[in-house]
Structure formats: structure tokens, C-alpha cells
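Inspection log for the structure reproduced underneath, given as C-alpha cells.
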Amino acid sequence: MVKIRLWQNHSEQNGTLENERRNLPVFSPGGQPEKNHGGGEDQRQKNVREIMKELDSLVGLAGVKKLVGEIHAFVEIQRRRQREKLATEPQVLHMVFKGNPGTGKTTVARIIGRLFKEVGVLPKGHLVEVERADLVGEYIGHTAQKTRDQIKKALGGILFIDEAYSLARGGEKDFGREAIDALVKGMEDHKDNLILILAGYRQEMEWFMESNPGLRSRFPIHITFPDYTTTELLAIADLMLKKRQYHLSPGARDELRLILEETRSLHVHSGNARLVRNLIERAIRQQAVRLVRKGQVSREELMTITREDILQAHESSPGI
């Protein structure tokens with residue numbers, strides 16, 4: 001398990017007040033005190049505030065934000081308690097993310113990695129995203145080595161395993177079982193330097209946890225990512241377009257709303273934000289085709305996505 005650990009000041013060893021000021025106590029599971037780079041504690045707090053602000057700026061996900069906020073608060077208070085030489089509580093921080101595609105699981109995992117780096121839980125905080133094919137080999141012994149290689153890449157950060165339930169679908173003789181065993185061993189061998197996040201559809205992940213009783217106790221934090229509402233998907237579309245300096249015309253917004261509502265009613269797994277991103281990217285290409293044929297265009301036309309662009313994007317979308 002990943003333990004929250006506050007490393008002792010080197011000043012206790014060399015007796016210098018200057019070193020005590022420089023090496024503010026931070027906890028790091030990597031085996032060495034995490035160094036403060038330039039800004040010290042004030043900079044760390046500023047970085048944490050910016051990361052939490054980024055999390056809060058995500059559309060929807062109220063329950064997810066609340067739980068991440070609780071985890072951050074717990075870690076921060078353990079830091080302060082240990083600074084005051086009070087008893088601290090070790091915390092297992094391996095997680096299960098349950099939800100449909102496009103609900104923000106990978107985005108939140110990246111934010112958590114950066115947050116954990118700033119509060120000293122992880123020395124690097126990077127995210128290594130893998131799936132079954134990256135872990136499971138073709139012959140006996142191959143899987144364990146592939147899994148160890150991915151763990152090595154993720155040391156100091158987060159190993160994010162998408163569709164993790166697929167590791168247990170092949171039965172007793174499937175090499176996926178070997179991958180699970182290698183992951184569990186890696187969690188023990190690097191318990192202070194690695195966090196695992198298992199992700200996938202809600203029902204499949206619940207089945208996966210039940211299929212291997214030893215996993216549930218190792219992953220005590222379960223976060224459910226709900227599907228976005230149509231209003232939230234429209235807000236996501238607005239953010240995507242704003243970042244690219246585009247906007248929807250009133251007719252385009254109405255058409256996009258209709259498409260989203262229709263898709264959500266026809267498909268159990270509608271794609272959520274991925275569906276919106278694909279539609280927006282296709283609409284931008286359709287706008288480019290429309291405008292290049294026109295010749296001379298205004299600044300406003302270059303920025304506006306019309307109903308026609310959205311319709312053309314929808315018609316060219318496979319499987320929608």
C-alpha cells in the first residue's frame with residue numbers, strides 16, 4: 001500500500017538551522033526526501049490550489065470532485081500532524097474508477113497524479129496508461145515480464161489500467177491471471193512508490209472485484225463516474241470550441257442538442273465526452289471545407305460553426 005510518510009529534516013543530522021528552513025518536511029514514498037524547488041512551501045500550496053482549481057473546472061463530476069477533495073484533505077492533515085509529531089494514519093491509495101467511456105476517468109487520474117506529487121505522496125506523479133495487450137504476453141513467463149516492465153515505467157507515479165476486468169475474463173488458464181498476480185506483487189514490492197488505478201465499466205469492474213477477493217481490500221477507494229447529461233455535454237462542447245477559438249451558432253447548438261439526445265436514447269454507452277469531441281472535430285473540418293469553397297470569408301465566419309457543419313459532421317460519424 002502507499003503510505004503517507006513525512007520525511008525528517010536533514011537538520012536533525014547536521015544541526016544547521018539553514019538546512020531546516022530549506023528542507024521543509026514533506027512526505028514522499030520514493031525512499032528519499034522530496035526536494036523543494038525554488039518556491040518552498042508557498043509554491044507547493046500555490047501549485048496544489050491550481051490543481052484543485054483545474055479539477056473544479058471540469059464539467060459535472062460533483063461526486064468525483066468531492067471524493068478527491070476528501071483524499072487531498074486527509075493527506076494534507078496527515079502532513080501537518082506529522083510535522084507536529086502527532087500520530088499519523090497510513091492510507092492505501094490504490095483506486096477503482098467505474099464508469100462508461102468518455103466520463104473523465106483518465107483526465108481525473110492525471111490530475112490526481114499531479115496532486116499527489118505536490119503533496120509528497122508520489123515523487124513524479126506521472127501517469128502510465130495501459131490495457132490488457134500491454135500486460136498479457138503470449139507464452140508462460142512473458143506476461144509477468146511485460147507487467148513488470150509497465151510497473152517499472154510507472155514507478156513514482158500512477159499505473160492506470162483501462163478495462164482492467166479483461167484480465168480476469170479468460171478463465172483459469174488465461175495469462176491474464178498471471179498479470180494480476182504480477183500486479184499484486186508489484187504493489188507489495190513498490191508499496192511506497194506506486195499507485196494503481198483500475199478502470200472500466202461499472203458492472204464489469206464490480207464483477208472483477210468479486211472474481212478476485214484479494215483485490216477488493218487492496219483497492220479501498222472506489223470512484224463512480226456518471227454519464228454526462230445533455231446540458232453538461234453541451235457545456236463540454238463549448239469549452240472544446242472556446243479553446244480552439246470557435247463557437248456554435250444558435251442553430252448549431254440546437255442541432256447538437258438534438259443529436260446528443262437522440263444518441264443517448266439509442267445507445268447505452270453513448271461515448272459521452274468522446275462523442276462530443278469527435279463531433280466537434282468533424283464539424284471543424286466540415287466548416288473548413290465549406291469556407292474554402294466560398295473564398296473570401298470574415299473573421300466571424302472563421303470562428304462560427306453552423307447547423308450545416310454539425311449536420312455534416314453527424315452524417316459522417318461512423319456508428320452514430
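Computed from a predicted structure; not experimentally measured.
Partners of D181 under the salt bridge (Lys or Arg N to Asp or Glu O under 4.0 Å) rule, at least two apart in sequence or in another chain, do not exist in this structure. Here E301 pairs with K294 under the salt bridge (Lys or Arg N to Asp or Glu O under 4.0 Å) rule; sequence neighbours left out. By the side-chain hydrogen bond (donor to acceptor under 3.5 Å, both in side chains) test, R114 pairs with E54, sequence neighbours left out. Not a single side-chain hydrogen bond (donor to acceptor under 3.5 Å, both in side chains) links E281 to another residue, sequence neighbours left out. Taking the salt bridge (Lys or Arg N to Asp or Glu O under 4.0 Å) definition, one finds that R202 meets it with E206, sequence neighbours left out. With sequence neighbours excluded, no residue satisfies salt bridge (Lys or Arg N to Asp or Glu O under 4.0 Å) with E178. Remark: K66 engages E70 in a side-chain hydrogen bond (donor to acceptor under 3.5 Å, both in side chains) (not counting sequence neighbours). Remark: R285 engages no residue in a side-chain hydrogen bond (donor to acceptor under 3.5 Å, both in side chains) (not counting sequence neighbours).
Salt bridge absent: R80 and E41 never bring a charged side-chain N and a carboxylate O closer than 4.0 Å. The pair E204-K98 does not meet the salt-bridge criterion, since no charged nitrogen lies less than 4.0 angstrom from a carboxylate oxygen.
There is a path of hydrophobic side-chain contacts, each under 4.5 Å, that joins F116 to L67. Both M52 and V108 are members of a single hydrophobic cluster when ILVMFWY side chains are connected at heavy-atom separations under 4.5 Å. Both V184 and V136 belong to a single network of hydrophobic side chains, linked directly or stepwise wherever heavy atoms of I, L, V, M, F, W or Y lie under 4.5 Å apart. Cluster membership check: F219 shares its hydrophobic cluster with W207, using side-chain heavy-atom separations under 4.5 Å among Ile, Leu, Val, Met, Phe, Trp and Tyr. With hydrophobic clusters built from ILVMFWY side chains whose heavy atoms lie under 4.5 angstrom apart, L260 does not share a cluster with L311.
The main-chain N or O of L58 is found under 3.5 Å from a side-chain atom of K65 such that the two form a donor-acceptor pair. Formation of a donor-acceptor pair under 3.5 Å by the R110 side chain with backbone atoms of L127 is not found in this model. Remark: the backbone N or O of G251 is not paired with any side-chain donor or acceptor of D254 at under 3.5 angstrom. A distance-only check finds a donor-acceptor pair linking the side chain of N278 to the backbone of R274 [under 3.5 Å]. In this structure, R244 contributes its side chain and M240 its backbone to a donor-acceptor pair below 3.5 Å. K105 contributes a side-chain N or O that, together with a main-chain N or O of G99, makes up a donor-acceptor pair within less than 3.5 Å. Between the side chain of H94 and the backbone N or O of L196, at least one donor-acceptor pair lies under 3.5 Å.
A heavy-atom distance below 4.5 Å is not found between the side chains of V75 and L115. Using a 4.5 Å cut-off on side-chain heavy atoms (C-beta onward), Q150 and I161 make no contact. The closest side-chain heavy-atom distance from Y201 to Q203 is not below 4.5 Å. Two residues are said to be in side-chain contact when any heavy atoms from C-beta on lie closer than 4.5 Å; F175 and R177 fail this criterion. Looking at D134 and E131, their side chains come closer than 4.5 Å, going by heavy atoms from C-beta outward. Looking only at side-chain heavy atoms (C-beta outward), Q43 and K46 come within less than 4.5 Å of each other. Side-chain contact between L93 and F74 is absent, with no heavy atoms from C-beta onward closer than 4.5 Å. Between T230 and R257 the shortest side-chain heavy-atom distance falls below 4.5 Å.
With R83 as reference, R79 is the one residue of R81, K85, R79 to meet the side-chain contact (heavy atoms from CB on, under 4.5 Å) rule. For the pairing with N272, the side-chain hydrogen bond (donor to acceptor under 3.5 Å, both in side chains) check across D227, T103, N100 returns one residue only, D227. For the side-chain contact (heavy atoms from CB on, under 4.5 Å) criterion with L159, the lone passing option out of V128, I195, L198 is V128. For the side-chain hydrogen bond (donor to acceptor under 3.5 Å, both in side chains) criterion with D309, the lone passing option out of Q286, Q287, R282, R290 is R290.
Of all heavy-atom pairs between L279 and L256, the closest is CD1-CD1, 4.0 Å. Residues T304 and S249 share a closest heavy-atom pair of CG2-CB, 3.9 Å. When all heavy atoms of V64 and T224 are compared, the pair lying nearest together is CG2-O, 3.6 Å. Nearest heavy-atom pair, A179 versus T143, reported as atom, atom and distance to 0.1 Å: N-CG2, 3.4 Å. Contact detail for T147 and L135: the closest heavy-atom pair is OG1-O, 3.2 Å. In terms of heavy atoms, L302 sits closest to Y246 at O-CE2, 3.4 Å.
When hydrophobic side chains of Ile, Leu, Val, Met, Phe, Trp and Tyr are connected at separations under 4.5 Å, M303 ends up as a singleton with no cluster partners. Hydrophobic side-chain contacts under 4.5 Å tie V292 to no other Ile, Leu, Val, Met, Phe, Trp or Tyr residue.
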Kindly indicate, with the supporting measurements, whether the criterion side-chain contact (heavy atoms from CB on, under 4.5 Å) is fulfilled by L275 and L233. CA-CA 9 Å; L275 167 66; L233 291 174; 5.6 Å; no
side-chain contact (heavy atoms from CB on, under 4.5 Å), that's the test. Do I310 and L248 meet it? Break it down for me. CA-CA 9 Å; I310 294 294; L248 295 169; 4.1 Å; yes
Run the salt bridge (charged side-chain N to carboxylate O under 4.0 Å, His left out) check on E76 and R44 step by step: do they pass? CA-CA 12 Å; E76 185 63 34; R44 185 190 73 82; 3.2 Å; yes
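Listed by first and then second residue, the salt bridge (charged side-chain N to carboxylate O under 4.0 Å, His left out) pairs that reach into residues 138-155 come to none, sequence neighbours excluded. Sorted by first and then second residue, the salt bridge (charged side-chain N to carboxylate O under 4.0 Å, His left out) pairs with a member in residues 230-243 read D238-R253; sequence neighbours excluded.
Atoms CD and OG1, from E129 and T106 in turn, are 4.0 Å apart once rounded to the nearest 0.5 Å. Rounded to the nearest 0.5 angstrom, I180 CD1 and L167 CG are separated by 5.0 Å. With values rounded to the nearest 0.5 angstrom, L122 atom CG is found 7.5 Å from N193 atom CG. Interatomic distance, CG of L61 versus CG of D56, reported as 10.5 Å (0.5 Å rounding). Distance check: I111 CD1 to I51 CD1 gives 8.5 Å after rounding to the nearest 0.5 Å.
For N47 and E118, the side-chain atoms include at least one donor-acceptor pair closer than 3.5 Å.
F160 and F97 have perpendicular rings, their planes meeting at more than 60° on a 0 to 90° scale where under 30° would count as parallel.
Atom CD of E300 has more than 12 heavy atoms from other residues, nucleotides or ligands within 6.0 Å.
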